[in-house]
Structures are given as structure tokens and as C-alpha cells.
There are 2 protein chains.
Amino acid sequence: MSSIPAKKSLVSPGRKPMISREDIIAAALKLLGPSRSVSTLSLREVAREAGIAPNSFYRHFRDMDELAVALIDMAGESLRQIIGDARQRATLEVSVVQSCTDAFMEQLRADDRLLHILLREGTVGSDAFKRAVERQLSFFEEELGQDLIRLAALKGSGLCQPALTAKAITRLVFTMGATVLDLPRDKQDELAAQIVKMVRMIIAGTQTLAAIGAKKTD
Amino acid sequence: MSSIPAKKSLVSPGRKPMISREDIIAAALKLLGPSRSVSTLSLREVAREAGIAPNSFYRHFRDMDELAVALIDMAGESLRQIIGDARQRATLEVSVVQSCTDAFMEQLRADDRLLHILLREGTVGSDAFKRAVERQLSFFEEELGQDLIRLAALKGSGLCQPALTAKAITRLVFTMGATVLDLPRDKQDELAAQIVKMVRMIIAGTQTLAAIGAKKTD
DNA sequence: GCCAATACAATACAATCGTCTATACAGTTG
DNA sequence: CAACTGTATAGACGATTGTATTGTATTGGC
């Protein structure tokens with residue numbers, strides 16, 4: 001992506017920046033929590049937390065919306081990294097599904113603020129914000145779709161509309177994940193188990209439909 | 001459920017109310033839209049729209065939060081009514097799934113503000129608000145679960161964990177519905193078709209898993 | 001007709017918001 | 001050294017927020 005002060009001379013005369021984009025992002029993250037969403041953050045509040053004057057915010061972001069989009073992009077990249085790792089750790093013993101959902105739930109429980117944002121704020125906020133969330137979700141769907149195809153080929157099981165299946169799984173897991181965040185610790189495991197079952201249900205469904213479709217075309 | 005001035009003398013001397021709870025709710029609904037969520041509404045704004053002084057708002061609601069919960073409850077009841085009708089209209093020709101999702105999508109397209117709220121604001125807002133949404137969703141799941149059981153008995157097909165299946169379908173349809181709201185008219189039908197397929201996928205999955213489970217216990 | 005109860009309006013308050021202008025500071029460059 | 005330049009700050013503006021207080025209009029029962 002591109003940082004805001006796009007035009008930057010090779011040497012930079014003038015006062016050294018006291019604060020970076022990342023510092024502001026960190027400050028914003030510190031303010032966020034289970035009962036505090038990005039859309040309720042004010043510019044002044046973030047600036048206060050970052051220890052800068054309200055106006056200094058503008059040196060790094062055009063407005064709060066741009067900060068929000070930056071947060072979403074970070075969240076998406078972070079989670080894809082995590083899931084990517086989990087994918088590679090998956091063996092023939094531990095299924096990809098189990099491995100990935102485990103990683104997902106672990107990250108949920110780690111109270112990852114970035115993940116919070118990605119899960120729960122896709123439906124409110126500015127258009128730019130919603131589009132950013134949608135983009136990250138579609139990245140996920142794409143990767144998951146590839147996974148499903150690979151998995152089906154490996155196991156020789158059918159696969160009905162991989163893209164659609166990936167979309168269903170992604171959206172379902174993300175909403176369910178969002179509700180997990182509001183649950184007390186002791187109920188989280190229960191819901192986590194439910195999520196895994198739901199995913200298996202969808203996968204079983206796509207395989208069954210594929211089998212029926214194949215039979216019909218015989 | 002209960003109006004705010006709970007203590008009401010049997011006889012009521014005094015000025016007649018010029019405005020009702022419902023008027024305020026109507027004003028709030030008029031302000032809402034695709035790019036305006038309940039959580040961004042201010043008390044003054046609603047009062048202005050309703051044509052009353054800011055303070056008069058308190059005669060009917062304790063705060064904006066209570067208004068929001070009232071909206072959610074209305075939305076839930078409304079949609080359940082609609083789906084209930086669709087359920088009864090379903091014949092052997094037109095499946096319950098098709099009939100209900102059709103009714104759902106039709107309501108979506110009708111730009112029903114109440115439905116907007118229910119779909120997209122479950123993850124932000126106050127605890128009371130989130131709990132209200134969660135409650136309405138669980139009502140849905142309950143009814144859908146009964147439907148699934150009836151359907152399975154009728155068709156003689158298996159059914160693996162009806163409650164879980166109902167939950168998966170409900171959550172998936174609701175999130176997908178929320179993304180439909182942000183789509184241009186011409187893409188909505190496409191996504192609507194996808195949703196139906198996803199639901200069929202889950203149902204196929206639950207039946208398959210039930211069959212496997214039955215075979216195992218043989 | 002009067003009284004008490006009620007509903008609403010008017011005004012005001014402190015707090016917060018985003019943003020504008022002007023200014024002080026810290027480096028680099030000549 | 002002085003001049004320039006980009007950074008950060010200070011202060012203020014107008015707007016808006018939720019709410020407390022106070023006042024006024026209207027109604028029904030006596």
C-alpha cells in the first residue's frame with residue numbers, strides 16, 4: 001500500500017517526525033475493545049492516546065476513515081498470515097479444516113484487536129470501510145477456494161462450486177467468530193466446537209451435491 | 001413491551017400526549033438508511049425529526065439505547081411474521097426453503113428499514129443492543145429448527161443436530177443478507193441465488209452426516 | 001371556575017467534536 | 001551564521017451533543 005506523504009525528498013530537511021503512522025495505529029488499537037468499535041473513535045481521542053495534538057493526526061491520515069481502512073488491511077493481512085501458517089502445519093493426520101479453525105479460534109481468544117475489527121465492523125461505517133472489509137474477506141475466500149479444490153483432488157471427493165462453498169464457510173465462520181467475542185470465556189469453547197461442526201456440514205454438503213450432480217450427468 | 005411511564009394513575013388528568021412512542025420510532029426509521037446506522041443517530045436528531053423538543057424524548061424512552069432495542073424487537077417480530085406466512089404458503093411443490101428465502105429476499109429488496117437494522121447492527125452498539133439482536137436471532141433459530149425436524153420427518157431424510165443446522169443457516173443467511181443491502185440492484189438477484197444454494201448445501205450436509213452417523217451406529 | 005397533574009418548550013450548560021490559522025521548533029542547506 | 005522547510009503545537013471557532021432546570025400550556029376532576 002502507499003503511505004500518505006507520498007512525495008518524500010531523498011533527504012528530508014525539517015524537524016524529525018516525533019510520531020509515525022504506526023504509533024497512531026497502535027494508539028487506536030489500544031482504545032478499541034469489546035465495547036468500543038472503530039466507528040465510535042474520534043480523531044481527538046486517538047490523537048490524545050497517541051500523545052500528539054489533534055492536528056498532527058492529519059500529517060499521517062486524511063481522516064479517521066483512512067485510519068480505519070488501514071486497520072482493516074492490517075487485520076486481513078495478519079489473519080491470512082496466521083491461517084496460511086496453519087495451512088502449512090496441517091498434516092494428513094490433522095485436517096486442514098481443523099488446523100485452520102484451531103488457529104482462528106486461538107487468535108480469537110488471544111483478544112487480537114485487529115481481528116475484532118475485521119469480524120464485527122463489516123456492516124457499519126463508511127463505504128470505503130465496508131469495501132475494505134469486503135476485499136479482505138474475498139481474499140480469504142479465494143485462498144480457501146484453492147484449498148478446497150486441492151483437498152477434493154487429494155481425497156478424490158467431489159466438490160460442488162468451490163467458490164460458493166468457500167464463500168459460505170468464510171462468512172459463516174466470521175459471523176460466528178464475531179459472536180464468540182461477546183461470550184464469556186467458558187462458553188467460547190462450546191461455540192468453537194459448533195463452528196467446526198458447521199464447517200464440516202458445509203463440506204459434507206458440497207461433496208454430496210457434487211455426487212448427485214455427477215450422477216445426474218451420467 | 002412496557003411503556004416508560006409505568007406508574008399511571010387510573011384517571012389521568014393533564015394534557016393529552018401529542019406524540020406517541022410509535023411516532024418517535026417512525027421518526028427514527030425515517031432517518032435510517034443504507035449509510036446511516038442506529039448507533040450514529042443522536043437523541044436530538046430523532047427528536048428534531050419527530051418534531052418535538054429534545055427533552056420530550058425522555059418521556060418515551062430512557063435513552064437512545066432503549067429506542068434501539070425497541071427497534072430490534074420490532075424488526076424481529078416483523079420478520080418472523082413474514083417468514084411465518086411464507087412457511088404456511090409453502091406447498092409440496094414449492095419447498096419451505098425456497099418459499100422462506102424468497103420472502104426474505106423480497107423483504108430485503110423492499111428496503112425494509114427494520115430489516116436493515118436487524119441484519120447489520122448485531123455486532124456493534126451497546127450490550128443491551130447486542131443482546132436484543134441475539135435474542136431475535138435465537139427466536140429464528142428455534143422456529144427454523146422445528147421446521148427442519150418436520151421437514152426431515154416428512155421426507156424421511158436424516159437430520160444431524162437440527163439446532164446446530166438451524167443456527168448455521170440463520171447466521172449465514174443473515175450475514176449474506178447484510179451484504180446484499182450494499183449491492184446494486186442488478187447484483188442482488190445473483191447473490192440471492194447464491195444464498196439459496198448455500199442453504200441447500202447445509203441441508204445436504206446435515207442429511208449426509210446423519211446418514212453416516214446412522215450407518216456407524218448400525 | 002379552580003386546582004393539580006401532565007406534556008411539552010425554552011433556555012442554558014458543559015463537554016466534545018472536526019478543522020482552521022498562526023506560530024514555535026528542529027533539522028538541513030546554503 | 002542565516003535561510004529554508006517540514007513537523008508539531010496552541011488556541012480558537014462554530015457546531016453538536018446529552019441533559020438539567022425552569023416555565024408554560026392544556027386537560028380532567030372537584
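From a predicted model like this one, the values you see are computed outputs, not experimental measurements. Chain letters run A, B, ... following the sequence lines, proteins first and then strands; every chain starts at 1.
The closest donor-acceptor contact from the side chain of A:Glu66 to the backbone of A:Arg62 lies under 3.5 Å. Remark: side-chain polar atoms of A:Ser99 are paired, donor with acceptor, to backbone N or O of A:Ala86 under 3.5 angstrom. With B:Arg44 contributing its side chain and B:Pro54 its backbone, the two residues share no donor-acceptor pair below 3.5 Å.
Electrostatic pairing of A:Arg113 and A:Asp111 counts as a salt bridge here, judged by a charged N lying under 4.0 Å from a carboxylate O.
OP1 and OP2 of D:dG6 both lie 4.0 Å or more from every side-chain N or O belonging to A:His60. In this model, the phosphate group of D:dT7 is not approached by any side-chain N or O of A:Ser56 to a distance below 4.0 Å at OP1 or OP2. A sub-4.0 Å separation between OP1 or OP2 of D:dG28 and a side-chain N or O of B:Lys16 is present.
The nearest whole Å value for the distance from the CD atom in A:Glu66 to the P atom in C:dT19 is 12 Å. With rounding to whole Å, B:Arg59 atom CZ is found 13 Å from D:dA20 atom P. Summarising the geometry, the separation between CD1 on B:Ile52 and C1' on D:dA25 is reported as 17 Å, rounded to the nearest angstrom. The interatomic distance linking A:Leu67 (CG) with C:dG18 (P) rounds to 12 Å, in whole Å. The interatomic distance linking B:Tyr58 (OH) with C:dA9 (P) rounds to 14 Å, in whole Å. If you take CG of A:Asp23 and C1' of D:dT7, they are 14 Å apart, rounded to a whole angstrom. Counting to the nearest Å, the P atom of C:dA10 and the CZ atom of B:Arg48 are 14 Å from each other. Look at CZ on A:Phe57: it is 10 Å from P on C:dT19, rounded to the nearest Å.
Here the closest heavy-atom approach between residue B:Val124 and residue A:Ser37 is recorded as CG1-CB, 4.0 Å. Listed here is the closest heavy atom pair of B:Gly125 and B:Lys130: O-CE, 3.7 Å.
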Practice prompt. Give the C-alpha distance, both sets of side-chain angles, the deciding distance and a yes or no for side chain to side chain donor-acceptor pair (under 3.5 Å) between A:Glu77 and A:Gln81.
Written response: CA-CA 6 Å; A:Glu77 284 163 26; A:Gln81 176 70 41; over 6 Å; no
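With 3.5 Å as the limit, one finds no donor-acceptor pair spanning the side chains of B:Thr175 and B:Arg171.
Residue contacts for A:Asp63: at a heavy-atom cut-off of 4.0 Å it reaches no nucleic acid atom on any strand shown.
Applying the ring pair (Phe, Tyr, Trp, His ring centres under 6.0 Å) test to B:Phe174 and every residue at least two apart in sequence or in another chain returns B:Phe104, B:Phe140.
Remark: B:Ser42, B:Leu43, B:Arg44 in residues 28-45 of chain B come within less than 4.0 Å of DNA chain D through at least one heavy atom.
Judged by distance alone with a 3.5 Å cut-off, a donor-acceptor contact links the side chain of A:Asn55 to the base of C:dT21.
At its two ends the helix from C:dG1-D:dC30 to C:dG30-D:dC1 runs along axes set 10° apart, each axis drawn from five pairs and the angle rounded to 10°.
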